[in-house]
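FYI, the numbering just counts along the sequence from 1. Below, each value reflects all heavy atoms present in this structure, side chains not excepted, and no hydrogens, waters or symmetry copies.
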Amino acid sequence: MAGKSGRAGEAHKAGDPGRADLAGWADGAEGNSAISGSGVCRPRESPPARGAPLTEHRASLTEHRAPPLPGATRRDILAATAAVGLGLITGCGKPSDRTDSAPGASPPDNPQRSADTTSDPSAPSGPDGTSRPPGTPGSAAPSDPPAASNPAPGPAKQRRELPRGGWELFPRHRLVGFCGLPGAVALGRLGIGAPGRRAAELAKVAKTYAAGREPLPVLELLAVVANADAGRDGSYRSRTPSATIRRFHALARKHRALLLLNIQPGRAAVLDEVEALHDWLVHPDVGLALDPEWEMGPHEVPGRTFGRTSGHELTRVARYLSALVDAHALPQKALVFHQVATSVVRDESALRPQPGVALIKSVDGIGSPALKRRTWRHLVSGMPDGVHAGFKLFYEEDAKGSRLMSPDEVLRLSPEPDYVMYE
């Protein structure tokens, strides 16, 4: 689903440099684009005329805000189809005959707080096949209990451990993950083919990053996906059904991996979306990833401009996770925030580490090894104390016009990444 431009790999999060229409896209017109984690192209500050060569890098990574994209780009088209497509993408949330489905997946600890709801009628239905009532902007909508759920276990008397032992992620472990959503090739590696095969592939990739540490595989599942369609509640986001999360939680446990739930909030309040995932986050092997590029203001639409968060907001989310760790005797929780440009995280110096939470800044960006190193140096400079570094690679987009960085090259970055994620 990546753009077909021969220079797309050189464009750091480049959007379609020209205009497109839905009919042309449906007929297979790809355009010059790079796909983001939500299946939507990244914006660029100054789109050239259609057919003009893509620039080697952003005009400015430091400007406060990226302006809206003019016209209908591939980013807009994919965003516009996200709400419709998500119903098919998350169809595995319903009963499935896939041979790689993991049986006996763990349900949420509290069935009354399940987050099966979606923001629009075309978004996925719940695990019982019935559609869920919409919520209100920035709040968790009511939902039915998931099928075959267990009673809430309550806080454990003895502190529970991480999938491969211990209570702290670093420095013992190095996280290596695949991101995506099942059945959605454009949304990342995790959505290509059978999830069981991807988990097995990930285990092999993770070993190449050991370098004296114990590799810990990560399945980063898109749990909240930004849409260009407002939906009935005006939130511009859809939630992945609990049954889909349950399948991937079981898959993570089978492979002794972490499950990270990725949130692209649209116009919904971030902390409300986090709280809606409460019943998954109380598990010892479930963490959180935030994609603030898709966190919109009150008059913004996903796919048309960069979103943003702040150090203060990230601290509030970290405090929420810290409280869960304390209340449920959990091991350290991973809290990842992906960042493609300085403007995406305001007042980063205000970010404060919290007990029991490992903060990880994942440097985002498509391009050649030289461009990715440049972005890395820019975004990790001045990183707050107590924040770990992460690095994102793109199997297809990075290789277009260039090549994918090798594990040895990634491990030579300074500081050495604690989390390496492939999309």
Side-chain angles (χ1 to χ4, degrees), residues 35-40 42 79 82 86 89-90 92-93 115 118-119 123-124 175-184 186-192 195 198-199 202 217-227 235-242 244-249 251-252 257-266 268-278 280-281 283 285-296 302 307 309 313-314 317-318 320-321 333-340 344-345 357-364 390-394 419-423:
I35 306 303
S36 77
S38 71
V40 181
R42 309 288 193 179
L86 194 63
I89 289 167
T90 58
C92 60
T118 56
S119 66
L175 309 186
V176 181
F178 284 173
C179 178
L181 193 64
L187 306 192
R189 190 72 169 184
L190 196 58
I192 300 175
R198 292 288 75 77
L202 172 61
V218 172
L219 306 180
E220 188 168 324
L221 179 70
L222 299 179
V224 181
V225 182
N227 296 330
S235 66
Y236 287 85
R237 65 90 176 97
S238 295
R239 292 174 176 170
T240 299
S242 283
T244 302
I245 299 176
R246 186 179 300 114
R247 284 184 63 214
F248 278 81
H249 188 208
L251 187 63
L258 279 181
L259 176 66
L260 291 187
L261 300 178
N262 182 297
I263 294 177
Q264 301 172 353
V270 171
L271 195 55
D272 287 343
E273 294 304 307
V274 173
E275 290 175 348
L277 295 169
H278 167 276
W280 298 105
L281 293 171
H283 288 286
D285 50 359
V286 179
L288 193 67
L290 304 179
D291 212 342
E293 178 182 343
W294 306 103
E295 182 179 340
M296 298 291 110
T309 186
E313 182 172 65
L314 291 173
V317 174
Y320 176 81
L321 293 179
K333 285 280 180 199
L335 173 55
V336 176
F337 59 99
H338 297 288
Q339 186 173 0
V340 65
V344 171
V345 182
V357 179
L359 294 168
I360 305 169
K361 174 177 182 169
S362 175
V363 174
D364 205 336
F391 191 63
K392 185 188 286 191
L393 295 156
F394 295 79
Y419 178 34
V420 179
M421 194 266 270
Y422 285 86
E423 186 172 305

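In this structure, the side chain to side chain donor-acceptor pair (under 3.5 Å) partners of Gln339, at least two apart in sequence or on a different chain, are Lys361. The side-chain contact (heavy atoms from CB on, under 4.5 Å) search around Ile192 returns Val185, Arg189, Arg198, not counting sequence neighbours. The side chain to side chain donor-acceptor pair (under 3.5 Å) test applied to Asn262 returns Glu220, not counting sequence neighbours. For Phe391, the ring-ring contact (aromatic ring centres under 6.0 Å, His included) partners at least two apart in sequence or on another chain are Trp376. Partners of Ser362 under the side-chain contact (heavy atoms from CB on, under 4.5 Å) rule, at least two apart in sequence or in another chain, are Val336, His338, Lys392. Legend: residues meeting side-chain contact (heavy atoms from CB on, under 4.5 Å) with Ala318, ordered by chain and number and at least two apart, are Leu335, Gln354, Val357, Leu359.
The minimum heavy-atom distance linking Leu261 with Trp280 is given by the pair CD1-CB, 3.7 Å. Residues Pro265 and Val270 approach most closely at CG-CG2, 3.8 Å, considering heavy atoms. When every heavy atom of Leu221 is checked against every heavy atom of Thr244, the shortest pair comes out as CD2-O, 4.4 Å. Taking each heavy atom of Ile245 and Leu277 in turn, the nearest pair found is CD1-CD2, 4.2 Å. In terms of heavy atoms, Arg247 sits closest to Pro195 at NH2-CG, 4.1 Å.
In this structure, the side chains of Val420 and Leu175 stay at 4.5 Å or more apart for every pair of heavy atoms. Considering only heavy atoms from C-beta on, Val218 comes within 4.5 Å of Tyr419 through its side chain. Using a 4.5 Å cut-off on side-chain heavy atoms (C-beta onward), Leu258 and Leu219 make no contact. Between Phe178 and Pro217, the closest side-chain pair of non-hydrogen atoms is not below 4.5 Å. Counting heavy atoms from C-beta outward, Leu190 and Leu181 have side chains that stay 4.5 Å or more apart. Counting heavy atoms from C-beta outward, Phe248 and Pro182 have side chains that approach closer than 4.5 Å. Considering only heavy atoms from C-beta on, Glu313 stays 4.5 Å or farther from Leu290 through its side chain.
Between the side chain of Thr240 and the main chain of Leu222, a donor-acceptor pair closer than 3.5 Å is present. Judged purely by atom type and a 3.5 angstrom limit, Lys333 uses its side chain to pair as donor or acceptor with the backbone of Val286.
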Verify side-chain contact (heavy atoms from CB on, under 4.5 Å) between Asp364 and Val344, making sure each step is shown before the conclusion.
CA-CA 11 Å; Asp364 205 336; Val344 171; over 6 Å; no

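A distance of 10.5 Å separates CG of Leu321 from NE2 of His278, quoted to the nearest 0.5 Å. If you take CG on Asn227 and CH2 on Trp294, they are separated by 10.5 Å, rounding to the nearest 0.5 Å. With rounding to the nearest 0.5 Å, the separation of CG in Asp291 from SG in Cys179 is 7.5 Å. Put simply, OH on Tyr320 and CG on Leu271 are 7.5 Å apart, with the number rounded to the nearest 0.5 Å.
Checking each of Glu273, Gln264, Glu295 against Arg237 for a side-chain hydrogen bond (donor to acceptor under 3.5 Å, both in side chains) leaves exactly one that passes, namely Glu273.
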